[in-house]
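Mind looking over this structure? Questions follow.
We count ligands from 1, going down the list as the structure has it; atoms in each ligand are counted the same way.
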Amino acid sequence: MASLSENIDHFQNILKGTSCKLVAVSKTKPVAMLQEAYDSGIRVFGENKVQELKEKSEVLPKDIEWHMIGHLQSNKVKFIAPFVSMIHGVDSFKLLKEINKRAAQNDKVIPCLFQIHIAKEESKFGLSEEELFEILNSETFKNLSNIKMNGLMGMATYTENKDTVRNEFKSLKTLFDKVQNSFSGDNLDFTEISMGMSGDFQIALEEGSTMIRVGSAIFGSRN
Ligand SMILES: *Cc1c(COP(=O)(O)O)cnc(C)c1O
């Protein structure tokens, strides 16, 4: 089996010369392993649990960018607002308003992505296209000045069928282009499409991903 630093080199080579960034998904992994990844050059880590994210951020180097990639409950935003660099999983207007409020209290602007439901599975979180447009068109949204919407995030169906996955990523890219071309505002700066994980990052790259979120292919499988 390849070592952690070899895995990291592998991904850095894949992304070299592209404009796609790597989010190293370190959920469930011990701090020592994150430190090792840091020592191999990783500066962007993704976590999906508020408590774990907070604890790790307190003991690891301060120049790390912490990305919250999982489902986020509104009542927990306050715990990560002071230090989080990006929130990938904005899947409701209520959550977005809470992020704006807590960002304001911390005198900062928090970069966010709208999570879009692209998979066939019921269980995956995310907004529909209609729900997204409803938010973007609302006056309340236009007045949120402590969030910056940087793009979209999506998770494809967990399947061996590459066409299904590719079509889902294509739909996310199409929606991204639509928003980029039809909406503007001070809190909109659409540059990022967060799609692709260990099992489907290659397809995501081909379909225009600007951020792949890779966990097990770097850190090994989770229990
Ligand atoms: C766990 C997780 C990943 C990484 O998954 P791997 O298959 O281990 O690469 C990516 N995105 C989200 C939202 C996750 O929860």
(message) Between Glu98 and Lys78 (salt bridge meaning N to carboxylate O under 4.0 Å), is one present in this structure?
(response)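 Not counted as a salt bridge, because no side-chain N and carboxylate O are separated by less than 4.0 Å.
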
(request) Tell me which protein heavy atom sits closest to atom 5 (O) of ligand 1, plus the residue, atom name and distance to 0.1 Å. (result)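 Answer, as residue, atom name and distance: Met197 CE, 3.6 Å.
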
(request) Measure the distance from atom 11 (N) of ligand 1 to every protein heavy atom, then report the residue, atom name and distance (to 0.1 Å) of the closest one. (result)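 Ranking protein heavy atoms by distance from atom 11 (N) of ligand 1, first comes Arg213 NE, 2.8 Å.
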
(request) List the closest protein heavy-atom neighbour of atom 15 (O) of ligand 1: residue, atom name, distance to the nearest 0.1 Å. (result)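 Going atom by atom, the protein heavy atom closest to atom 15 (O) of ligand 1 ends up being Lys27 NZ, 2.7 Å.
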
(request) Could you tell me whether some N/O pair between Asn48 and ligand 1 is separated by less than 3.5 angstrom? (result)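 It does not: no N or O of Asn48 is found under 3.5 Å from an N or O of ligand 1.
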
(message) I'd like the name of whichever of Ser198, Ala24, Ser26, Gly70 reaches closest to atom 6 (P) of ligand 1 through any heavy atom.
(response)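 Nearest heavy atom to atom 6 (P) of ligand 1 lies in Ser198.
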
(message) Within the supplied structure, the quantity of interest is the number of heavy atoms (other residues, nucleotides, ligands) at a distance under 6.0 Å from Asn181 CG; does it exceed 12?
(response)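 Yes.
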
(message) Less than 4.0 Å is my threshold; does some heavy atom of His88 fall inside it relative to ligand 1?
(response)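 For ligand 1, residue contact (heavy atoms, under 4.0 Å) with His88 is absent.
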
(message) Students should be able to answer this: which protein heavy-atom is nearest to atom 13 (C) of ligand 1, and at what distance?
(response)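 Ranking protein heavy atoms by distance from atom 13 (C) of ligand 1, first comes Ile69 O, 3.4 Å.
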
(request) Could you state whether Ile64 and Phe79 fall into the same hydrophobic cluster, counting links through intermediate Ile, Leu, Val, Met, Phe, Trp or Tyr residues with side-chain heavy atoms under 4.5 angstrom apart? (result)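 In one cluster with Ile64: Phe79, yes.
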
(message) Using 0.5 Å steps for rounding, measure from the CG atom of Asp91 to the CD1 atom of Ile116.
(response)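 Between atom CG of Asp91 and atom CD1 of Ile116 there are 9.5 Å.
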
(message) Taking the ring of Phe183 and the ring of Phe133, is the distance between their centroids below 6.0 Å?
(response)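 Here the rings of Phe183 and Phe133 have centres that are less than 6.0 Å from each other.
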
(request) Can you sort out which atoms of ligand 1 are near Val214, meaning under 4.0 Å from one of its heavy atoms? (result)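 Atoms satisfying the 4.0 Å criterion: 9 (O).
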
(message) Side chains of Glu36 and Ser5 only: does a donor on one sit below 3.5 Å from an acceptor on the other?
(response)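 The answer is no; no qualifying pair exists.
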
(request) Give the single entry among Ser216, Gly196, Ser194 that approaches atom 7 (O) of ligand 1 most closely by any heavy atom. (result)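 Minimum heavy-atom distance to atom 7 (O) of ligand 1 goes to Ser216.
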
(message) For the 3.5 Å polar cut-off, considering only N or O atoms, please tell me whether Ala217 and ligand 1 meet it.
(response)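 The answer is no, given that Ala217 and ligand 1 share no N or O pair closer than 3.5 Å.
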
(request) Kindly assign one of parallel, tilted or perpendicular to the pair His71 and Phe125, based on the angle between their ring planes and the thresholds 30° and 60°. (result)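 Geometry flag for Phe125 against His71: parallel rings.
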
